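Along the sequence shown, the residues carry numbers beginning at 1. Read the numbers this way: they start at 1 and go in the same order the structure lists the ligands and their atoms. Remember, predicted model here, so these are calculated numbers, not experimental data.
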Amino acid sequence: MLDSYWNVAASVGCASLLALTIQTVRRLFFHPLTKYPGPPLAAVTLWYKAYFDIVMDGGWAEHLEYLHEVYGSCILRVAPNELHFSDPRAYNEIYGMGTKYTKQPALYSSFATDLSVFAMFDHHEATQRRNLIGPFFSRRSILNLENAVQSKIDLLITRLLEYQYLKKSANLDLAFRSTSLEIITSYCFGRSSNALDSCDFQNGILTAIDQTLPMIWVFKHFPLIKHLLLGVPESLASILKPSTTGILAQRKQMGAQIDAILKDPSSLKHADHETIYHYFLTPQPENQRLPPITREWLLDEGLYMRFAGSDTVGNTCTVATYHILANKDVRDRLAQEVKEAWPEKDAPASYETLERLPYLTAVIKESLRMAHGIVTPLPRIVGPTDVEIAGAVIPAGTVVSQGATIVHRNPEIFPEPTVFNPERWLQEGSQDLDKYLVSFSKGPRSCLGINLAWCELYLIIGTIFRKLDLTPDNATIENISFREYFVPVHRGRHFHAFVKPTAD
Ligand code: HEM
């Protein structure tokens, strides 16, 4: 009896080994991507990438830069069925207008917001959903709700000014993330996150986001874990893995808000301004009818919006402030320009006034370049037929991507890429650089919140450097170095500064 078990086990073992050997040989020598250079291990197995994502603590984007240097090629095979491009002209061919490549489900399902527009794969469905949400983030809507944004920035300034009496420096990383979180929560949902009221800007939602982010690589490479942790009762999931409590707490809190609205949609009439719920719950024209709007759909969309709108803007403001304070010339020129346009600092300055300032605009563009926006290369599946990218024929079904960090750090486009140099955006012919600023991505799946993001960046950076005199507290570049968890995650000591009001 025991013998027959051993025989079965040995046969299964041999068959598995044989299958693995055949797969390895096929991937190495007979795969359509064989002609592209890259690490052989990456061509054979997805565990190569998993190692850099999980074990190297969000180290994939950094490793890609190293690989392009080592192999000296602008197209690399970085997984059995995946190519990464470093030639910046490829960016438009992968993501630009007119492309209809599908987002790669393996990555976009890792965020536990499967029903959001962000995680939609079908091009037609995503376009329909974007058309529904788009007007809410149009420039006109942003201008209408500018006061709601400005009032949160005024609160930020008040909170930061308290630090002059506390005799300690303020954590600007948390302060900016709290501000963008508060803005997106109020703008989209008509509620306050209370993030700007919490002591030293420490608050539950940011903690939950920080707990959730490291899980995305685990969920991507081990999807079963995601289903198990999110499928079991809440109390059990948090015992199994405390970092899921963040996701569960967020779902619970926003779920309660959605339940209240679905129970009594007329409560929306009392909101201070329009929210995304007004858009979603307004009956659509017959010819554009979307699938029925469910609680789960609203929940996934809301959770993604809150994530998309908070860390991205907050991180860009932190990177901007770090570099402006580290460069006296930049700081002086910026402060002077803003002061000239906004002489009475206690009177409000509008977004439209600030966006006309050329130096402030250049500072924001340079900050977006150095903050990158989303640091994970955004994977797309090409098809339905073979296509040409960067002059090479790419077989249908191949996953392709180009990281924003690769474009933003290209010395041929941005000489001395590690230097914060707003002047590069003001030189003759610099309009051509705009097409290489890819922080918001490009084309049909580019950022839906871009208008709100620009408005926030102008108002936050303009107001900070008009009203506050900041002195960095032991700042080093490590304060803004990051690990790649889709968005940049700052691991070390956060960027802190002492705060005083400006003289006039
Ligand atoms: C500096 C700030 C921001 C940056 C750099 C940024 C960047 C990006 C990028 C690169 C994408 C494409 C992601 C992908 O293809 O996987 C994206 C998508 C998206 N962003 Fe933003 N974003 C910012 C702010 C915002 C804000 C304030 C919102 C408002 C809610 C927002 C909402 C979205 C949404 C809904 C998508 C998904 C669009 C789709 O999949 O079709 N973003 N963003």
Top protein contact for atom 34 (C) of ligand 1, by heavy-atom distance: Tyr304 CE2, 3.7 Å

Quick check on contacts: which atoms of ligand 1 are under 4.0 angstrom from a heavy atom of Ile184? 29 (C), 30 (C)

With a 4.0 Å cut-off on heavy atoms, is Arg129 touching ligand 1? no

Which of the numbered atoms in ligand 1 are below 4.0 angstrom from a heavy atom of Lys103? 14 (C), 15 (O), 16 (O), 39 (C), 40 (O)

Spatial distance of atom CD1 (Ile324) from atom CG (Leu470) [nearest 0.5 Å]: 9.5 Å

Quick note on ligand 1: atoms under 4.0 Å from a heavy atom of Arg380 include exactly 14 (C), 15 (O)

Near atom 21 (Fe) of ligand 1 (protein N/O/S, cut-off 2.8 Å, waters excluded) we have Cys447 SG

Suppose I only count heavy atoms of Thr316 and a 4.0 Å limit; which atoms of ligand 1 are within that range? 1 (C)

What is the ring orientation for Tyr187 with Phe136, classed by angle as parallel under 30°, tilted 30 to 60°, or perpendicular over 60°? tilted

For atom 38 (C) of ligand 1, find the nearest protein heavy atom and state the residue, atom name and distance (0.1 Å precision). Arg130 NH1, 3.4 Å

Atoms of ligand 1, numbered as shown, that sit under 4.0 Å from any heavy atom of Met305: 30 (C)

Trace of the side chain to side chain contact (heavy atoms under 4.5 Å, CB included) decision for Phe486 with Phe111: CA-CA 10 Å; Phe486 199 68; Phe111 292 80; 3.5 Å; yes

What is the nearest protein non-hydrogen atom to atom 7 (C) of ligand 1, stated with its residue, atom name and distance? Ser439 O, 3.3 Å

List for me each residue that meets ring-ring contact (aromatic ring centres under 6.0 Å, His included) alongside Trp342, sequence neighbours excluded, and say none if there are none. none

Could you tell me whether the side chain of Asn203 and the main chain of Leu206 form a donor-acceptor pair under 3.5 Å? yes

State the CD1-NE2 distance between Ile406 and His68, to the nearest 0.5 angstrom. 4.5 Å

Only heavy atoms of Leu378, strictly under 4.0 Å: list the atoms of ligand 1 that pass. 14 (C), 15 (O), 16 (O)

Heteroatom distance test (Tyr108, ligand 1): nitrogen or oxygen, under 3.5 angstrom: yes

Test ring pair (Phe, Tyr, Trp, His ring centres under 6.0 Å) applied to Tyr322 and Phe482, Phe495, Phe176, the passing residue: Phe495

When you measure from the heavy atoms of Ala126 to every atom of ligand 1, does any distance fall below 4.0 Å? no

For Gln402 and Asp87, indicate whether the former's side chain and the latter's backbone hold a donor-acceptor pair under 3.5 Å. yes

Please could you name the atoms of ligand 1 that Ser441 approaches to less than 4.0 Å, counting only its heavy atoms? 10 (C)

Applying salt bridge (charged side-chain N to carboxylate O under 4.0 Å, His left out) to Glu301 and not counting sequence neighbours gives Arg129

Please confirm whether Tyr95 approaches ligand 1 to less than 4.0 Å, judged on its heavy atoms. no

If you count every heavy atom of other residues, nucleotides or ligands that lies below 6.0 Å from Tyr436 atom OH, does the total exceed 12? yes

Atom CZ of Arg89: over 12 foreign heavy atoms under 6.0 Å: no

Tyr108 meets the ring-ring contact (aromatic ring centres under 6.0 Å, His included) criterion, sequence neighbours left out, with Phe118

Ignoring angles and geometry beyond distance, decide whether Ser446 reaches within less than 3.5 Å of ligand 1 through its nitrogen or oxygen atoms. no

Arg251 and Glu296 ion-paired at < 4.0 Å: yes

Would you call Tyr187 a ligand 1 contact, heavy-atom distance under 4.0 Å? no

With heavy-atom distances below 4.0 Å as the criterion, list the atoms of ligand 1 near Phe137. 29 (C), 30 (C)

Is the shortest distance from a Lys or Arg side-chain nitrogen in Glu182 or Arg159 to a carboxylate oxygen in the other one below 4.0 Å? no

Tell me if the NZ atom of Lys442 is crowded by more than 12 foreign heavy atoms within 6.0 Å. yes

Any nitrogen or oxygen of Arg445, side chain or backbone, less than 3.5 Å from one on ligand 1? yes

Under 4.0 angstrom from ligand 1, any heavy atom of Gln104? no

